[in-house]
Amino acid sequence: MTRNDERMRMLEIENLQAEVAGTQILKGLSLTLNAGEIHAIMGPNGAGKSTLTYTLGGRPGYEVTGGRATFDGQDLLALAPHERAAAGLFLGFQYPVEIPGVSNVQFLREALNSQRKQRGETPLTGGEFLKIARAQADALGLSMDMLKRAVNVGFSGGEKKRNEMVQMGILDPKLAILDETDSGLDIDALRVVGDGINRIMRKPDKAVLLITHYQRLLDYVQPDFVHVLAVGRIVRSGGPELAHELEREGYGAMAA
Amino acid sequence: MTLPLPTRRDEAWRYSDLDALASVWPLAAPERIALGAGERHSRVMIETSGGIVVRDLVIELAAGARLDMHLLNSGARFGRIAIDVTLGSGAEFNLGGVQIGGGEQVLEIITTVRHAAPEATSRQTIRTVLGGQATGTYLGKVAVARAAQKTDSAQSVRAMLLDRTATANAKPELEIYADDVKCAHGCAVGELDARGLFYLASRGLPPPQAKALMLHAFVAEVFADMEDETARETIEAAALAALEALL
Ligand SMILES: Nc1ncnc2c1ncn2[C@@H]1O[C@H](COP(=O)(O)OP(=O)(O)OP(=O)(O)O)[C@@H](O)[C@H]1O
Ligand SMILES: [Mg+2]
């Protein structure tokens, strides 16, 4: 696929540098996603993929020391995490967090209404919200019972990942950064989650950054571009065939 | 007869605001609650007004009696709730206490639970949330007499500090003279889980709302077992208002 520069820039990362606990992890990372595109990032353990996710999400402790990130025309790095969400950013966590005592539906309704408020939209009623939540839970094979339970508490690894996708469906973001959403999924769940990503995010006005170690997710969610992240920067970019090449040859051949 | 004002050397007053206490000394006589054999009673105490509040309760539960107490200690500049309970055989005492304070508030729950006869049960669950320079204390003594075989007692005490400048004191204390007893106690002081806060923020919740959700969950556990739905809603709403005022 050739790149159409007429398309709207969704996310533009330029020379991003970030530190965690005093150690530089992102070392000048550049990447551009246009609306309507799905990009995959692959790369060895410890390369900085999750660090990129958290830095773009604004997690405390992930300190930007250089570079820029523009999301939908705004300076992403100047926004607080909840403002980034309201602007349309969604993070799928590699390790979704358990929050005892806080129910999924309750927090998601508050989160969605808080996003709507920040965007100047009217809040949803309990009934309107539940209808959306139910539809998303059904589509991802998560029972309403689970959705009423405390956030991720006692969920299996796969259920946590499904729950991430239910949340993405409910919040309906413009840009999703999905950090190893496929790890820990069984074969059937992988298809369900892949279908979910396509259904929710494959739209002309949305974009996805898919972080994965395996080709199998990319069989369901076909990327337009594949990038290799190694030691804190993008060292190679290509089309979907790059993922196949990596699967065959590993990262050794392109040691940074 | 006027008792002398306590000093810091008295363990039960060690973390109190003694200047505040002096201004209301001497205290009124303790409130007495006595339940007869097999009687059952629930008591809810909501202390949300300002000023100095010192409550002193002396409770006696006869054989097979049961008292469920839920309390919220959140409003006072110095707020102290002291409870001394004596349990007859097979009696049951359940205490759920929440303390929420900020600024320079000094809040404390001081309990003495006396298992005087066999087979009585006591359960204490205390959750404290503190911000600013507030001090929150739980001192809980469980005394098990030689005759009180098959005592079953539990204390679960947790505090959450929103600022490094707040202080939590938590001291469960056991004094056991019987040999066939079950006495469990756990106590922990912590801070809000930063990973949880970021997770909620990443979904669009501003920090005060994210904190309120997590703190509400932290204290709601104390009231979850209340049978009187209306009373539960009232005390929960008061606790939530106190939390929101802190954030
Ligand atoms: N809180 C932290 N303190 C110190 N070092 C950290 C911290 N978080 C991450 N790192 C380091 O940053 C580097 C990048 O970690 P990151 O989690 O971004 O890698 P990753 O590419 O996501 O790896 P994986 O494929 O294993 O998920 C690693 O060397 C890691 O040890
Ligand atoms: Mg990672």
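Any value given below was found using the heavy atoms of this structure, including those in side chains, with hydrogens, waters and symmetry copies removed. In the text below, chain A, chain B and the rest are named by the order of the sequence lines, each starting its count at 1.
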Q: More than 12 non-hydrogen atoms from neighbouring residues, nucleotides or ligands closer than 6.0 Å to CD on B:Glu11, yes or no?
A: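 Yes, because the 6.0 Å sphere around CD of B:Glu11 holds more than 12 heavy atoms from other groups.
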Q: Does any heavy atom of chain B fall under 4.5 Å from the side chain of A:Pro96, the backbone, both, or neither of them?
A: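 A:Pro96 touches chain B through backbone and side-chain heavy atoms alike.
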Q: Heavy-atom distance under 4.5 Å between the side chains of A:Phe107 and B:Tyr199, does that happen here?
A: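 SC-SC contact between A:Phe107 and B:Tyr199 confirmed.
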Q: Is the number of heavy atoms from other residues, nucleotides or ligands within 6.0 Å of CZ (A:Arg199) greater than 12?
A: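 For A:Arg199, atom CZ is crowded (more than 12 foreign heavy atoms under 6.0 Å).
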Q: Heavy-atom cut-off 4.5 Å, strictly under: side chain, backbone, both or neither for A:Gln167 against chain B?
A: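 Contact with chain B involves the side chain of A:Gln167 alone.
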Q: Counting only non-hydrogen atoms closer than 4.5 Å, can you tell me which residues of residues 48-62 of chain A sit against chain B?
A: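 Residues of residues 48-62 of chain A touching chain B at under 4.5 Å: A:Tyr54, A:Gly57, A:Gly58, A:Arg59, A:Pro60.
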Q: Identify the residues of residues 117-132 of chain A whose heavy atoms come closer than 4.5 Å to a heavy atom of chain B, ordered by number, or report 'none'.
A: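 Residues A:Gln118 are the ones that qualify, each having a heavy atom under 4.5 Å from chain B.
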Q: Give the member of B:Pro207, B:Ser202, B:Ala220 that has the highest number of heavy-atom pairs under 4.5 Å with chain A.
A: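 Ranked by heavy-atom pairs under 4.5 Å with chain A, first place is B:Ser202.
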Q: Quick one: does A:Gln115's side chain have a donor or acceptor within less than 3.5 Å of a partner on B:Arg203's backbone?
A: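 Between the backbone of B:Arg203 and the side chain of A:Gln115 there is a qualifying donor-acceptor contact (under 3.5 Å).
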Q: Counting only non-hydrogen atoms closer than 4.5 Å, does A:Gln106 touch chain B with its backbone (N, CA, C, O), its side chain (CB onward), both, or neither?
A: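 Just the side chain, heavy atoms under 4.5 Å.
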Q: Is it the side chain or the backbone of A:Ile99 that comes within 4.5 Å of chain B heavy atoms, both, or neither?
A: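 Interface part for A:Ile99: side chain.
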Q: Check B:Arg195 with A:Glu98, please: is the shortest side-chain N to carboxylate O separation under 4.0 Å?
A: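 Result for this pair is no, no salt bridge flagged.
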Q: Inspect the surroundings of CZ in B:Arg77 and state if more than 12 heavy atoms from other residues, nucleotides or ligands are less than 6.0 Å away.
A: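 Check fails, neighbour count at 12 or below.
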Q: Tell me if the NZ atom of B:Lys150 is crowded by more than 12 foreign heavy atoms within 6.0 Å.
A: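 At most 12 heavy atoms, drawn from other residues, nucleotides or ligands, come within 6.0 Å of this atom.
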Q: Output the option from A:Pro81, A:Pro173, A:Ala150, A:Pro100 having the highest count of non-hydrogen pairs under 4.5 Å with chain B.
A: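 Top option by heavy-atom pairs under 4.5 Å: A:Pro81.
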Q: With only heavy atoms counted, which part of A:Asn152 is less than 4.5 Å from chain B, the side chain, the backbone, both or neither?
A: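 Contact with chain B: side chain only.
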Q: Which atom pair, heavy atoms only, marks the closest approach of B:Leu213 to A:Val102?
A: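 Of all heavy-atom pairs spanning B:Leu213 and A:Val102, the closest is O-CG2, 3.6 Å.
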Q: Is a donor on one side and an acceptor on the other found under 3.5 Å between the side chain of A:Ser114 and the backbone of B:Gly204?
A: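 The answer is yes, because a donor-acceptor pair under 3.5 Å joins these two groups.
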